[in-house]
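Take a look at the structure set out below.
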Amino acid sequence: MAQTITEKILARHAGRSEVEPGEIVMCKVDLAMANDVTAPPAADAFARMGVEKVWDRHKVALVASHFVPAKDIATAKLMTRMRSFALEQEIEHFFEVGRGGIEHILLPEEALVLPGEVVIGADSHSCTYGALGCFSTGVGSTDLAGVLALGEIWLRVPESMKVTYTGTPGDWVMGKDLILSIIARIGDDGASYMAMEHTGPGLKHLSMESRLTLTNMAIEAGAKSGIVVPDALTLDYVKARQAENDRHRDFEVVASDGDAHYARELDVDMSAAEPMIAKPSLPSRSVPVSSVEKVKVDQVFIGSCTNARIEDLRMAAWVLGEERVAPTVRLMVIPATQRVWLQANHEGLLDLFSRAGASVSTPTCGACLGAHMGVVGAGEVCVSTSNRNYVGRMGDPTAKVYLANPAVAMAAAVAGEIVHPADVRPDAPARAEALVG
Amino acid sequence: MRPLERRPSLARAWVYSDNVDTDVIIPARYLTTTDAKELAAHALEDLDPQFAVSVKPGDVIVAGHNFGCGSSREHAPIALKGAGVGAVVASSFARIFFRNAINTGLPIVTCPAAAESIEDGNEIEVDLAGGKVRDVTQDLTFAAEPLPEFVMGLVRAGGLVPWVRARAAAGEVAAGPRGGVVS
């Protein structure tokens with residue numbers, strides 16, 4: 001029977017020749033991940049499961065990302081709980097402050113997630129890893145504890161939605177704009193319980209960074225997972241990360257059969273795409289930024305697992321140029337990982353942002369979830385490169401959050417209001433030069 | 001002789017719309033604890049400040065589509081359970097919240113007809129074993145969608161923790177080539 005990439009990966013991890021959407025299978029897990037919010041309850045649940053040691057200490061990643069550096073005594077306690085669990089279980093991949101960053105950008109950089117694998121993360125944006133051609137999904141802490149104990153998890157095989165890209169993206173269009181426009185088309189639960197599979201001839205124009213943004217926001221359409229069928233760019237990326245980390249593990253490149261069954265198919269003509277912005281308070285309220293009336297902005301946040309990679313910072317820097325942050329705006333820039341921070345520093349981007357009047361911080365999820373490092377106040381308007389603009393997500397419930405790509409976000413920081421990036425910087429960057437570093 | 005048959009206690013319906021996300025169920029600023037009572041004090045406060053102060057044990061949340069979308073925080077079902085919520089009845093649930101509710105013992109009922117019909121403040125009875133939702137105020141009864149058999153097995157086992165404990169005790173840890181269909 002013809003199978004999708006997702007069905008093939010799950011079948012192989014369930015010891016089966018094939019699986020069908022809707023059936024529930026036990027799948028072996030290649031990597032289990034938790035962060036400082038989800039690891040402590042997972043450690044507690046694990047203790048109640050009567051198992052002494054995690055099933056494989058080499059296949060667990062614990063990443064300090066959310067309330068880091070600790071903002072108060074309560075969050076310091078979360079960190080110490082995660083740290084003591086990591087040490088007592090001799091977890092090989094434990095990333096402390098200063099040596100890690102946001103897990104969804106960190107693990108691909110570290111070559112810890114590879115094509116064809118099954119990755120389970122105790123964080124909803126664990127769907128991000130699918131950009132490398134693996135099955136990856138988010139769960140809660142108790143489910144993660146079950147994986148730590150057994151090395152496997154029950155999964156309902158998802159139906160697949162096929163998104164086919166054609167054309168070449170125009171100026172200022174990034175992965176963020178494509179996924180926001182898809183969510184606007186299908187709704188906040190338009191891919192509910194499904195695997196959102198991204199494919200088509202247009203994909204070759206999308207950098208790994210943009211692809212990681214596509215899969216990152218699968219959850220904002222209710223999807224179980226997002227996945228990109230690996231191509232030459234994927235393999236170049238993965239091999240380079242393996243060499244950089246001297247971390248070599250075999251992997252399997254899996255592709256969908258041509259006649260595989262899809263529950264739904266969507267076509268995306270990238271040449272017609274525009275920079276988008278999601279109005280408060282749902283990602284599905286995305287519209288072309290050119291259609292938005294000017295809205296005054298109090299804070300701009302360039303960061304999060306969605307858009308804080310080097311490509312994103314380069315794009316933001318391009319829009320900023322020699323301009324300054326508008327006097328009425330606070331701009332927070334948070335590079336996603338230590339590597340991204342160092343690279344941005346090396347390229348002079350952090351200096352550029354700082355001189356323009358931005359606050360640049362150490363890697364953390366921070367402001368995205370209203371945790372710290374940029375909590376938004378009552379009635380304020382924030383343009384954010386993150387993934388959720390729900391009520392209260394970034395701070396006060398009366399704040400209004402707009403989601404956009406880093407070019408749109410930086411344009412708002414410079415103009416002091418929501419504008420098209422071309423209104424601030426008439427010339428778009430040459431794609432090869434600015435977007436693929 | 002049996003004492004007088006006790007009428008099942010009536011619960012109030014707290015009705016909300018589509019896409020009630022886990023950030024409004026329990027905002028991230030309270031994720032510094034996993035204590036159910038502490039979390040319960042802030043349950044739904046950004047959506048309905050009256051909820052946490054007025055909810056009574058056994059009350060039922062009734063909502064539209066995609067209940068529990070967003071973050072994977074298990075603190076969300078723990079907060080609702082800690083607030084005494086007897087069940088959440090919704091047209092549909094986001095999948096991570098669905099798993100978390102099963103794993104933390106918060107009863108959830110998928111029932112679009114009930115979700116569309118029940119009005120805020122109505123008196124509700126939820127029969128979990130029988131899969132029925134009754135709107136006493138309107139004198140209407142709705143049949144809930146059954147849980148998958150595998151998930152019912154988890155519920156019968158007492159949740160994921162005892163289920164895993166039993167499998168681990170039986171030596172069913174993924175060391176060798178194993179796996180397969182379970183339902």
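As the structure is a prediction and not an experimental result, all values here were calculated from the model.
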Kindly compute the distance separating CG (B:Asn66) from CG (A:Asp188), expressed to the nearest 0.5 Å.
6.5 Å

Are there more than 12 heavy atoms of other residues, nucleotides or ligands under 6.0 Å from atom CD of A:Glu18?
yes

At a heavy-atom distance under 4.5 Å, which candidate from A:Asp36, A:Thr75, A:Asp44, A:Thr137 has the highest pair count against chain B?
A:Thr137

Contacting moiety of A:Ile153, where chain B heavy atoms sit under 4.5 Å:
side chain

Enumerate the salt bridge (Lys or Arg N to Asp or Glu O under 4.0 Å) contacts for residues 139-151 of chain A, please, sequence neighbours excluded, ordered by first and then second residue.
A:Asp143-B:Arg99

Proximity breakdown for B:Ser71 and chain A, heavy-atom pairs closer than 4.5 Å
both

Chain A contacts: which residues in residues 100-120 of chain B have a non-hydrogen atom closer than 4.5 Å to it?
B:Asn100, B:Asn103

What part of B:Pro162 gets within 4.5 angstrom of chain A, counting heavy atoms only: side chain, backbone, both, or neither?
neither

Within a radius of less than 6.0 Å around CD of A:Gln89, do more than 12 heavy atoms belonging to other residues, nucleotides or ligands occur?
yes

Pairs meeting criterion salt bridge (Lys or Arg N to Asp or Glu O under 4.0 Å) with involvement of residues 73-85 of chain B, two or more places apart:
B:Asp23-B:Arg73

With sequence neighbours left out, write down each residue that passes ring pair (Phe, Tyr, Trp, His ring centres under 6.0 Å) with A:His104, or none if nothing qualifies.
A:Tyr129

Are the side chains of B:Leu31 and A:Phe67 in touch, meaning some heavy atoms are under 4.5 Å apart?
yes

Specify whether B:Phe98 and A:Tyr193 have parallel, tilted or perpendicular ring planes, treating 30° as the upper limit for parallel and 60° as the lower limit for perpendicular.
perpendicular

Whatever's closer than 4.5 Å to a heavy atom in chain A on B:Ser92 counts as side chain

Could you state the interatomic distance from CZ (A:Arg388) to OG1 (B:Thr22), rounded to the nearest 0.5 Å?
6.0 Å

Given that the side chain runs from C-beta out, which part of B:Leu154 has a heavy atom under 4.5 Å from chain A: side chain, backbone, both or neither?
side chain

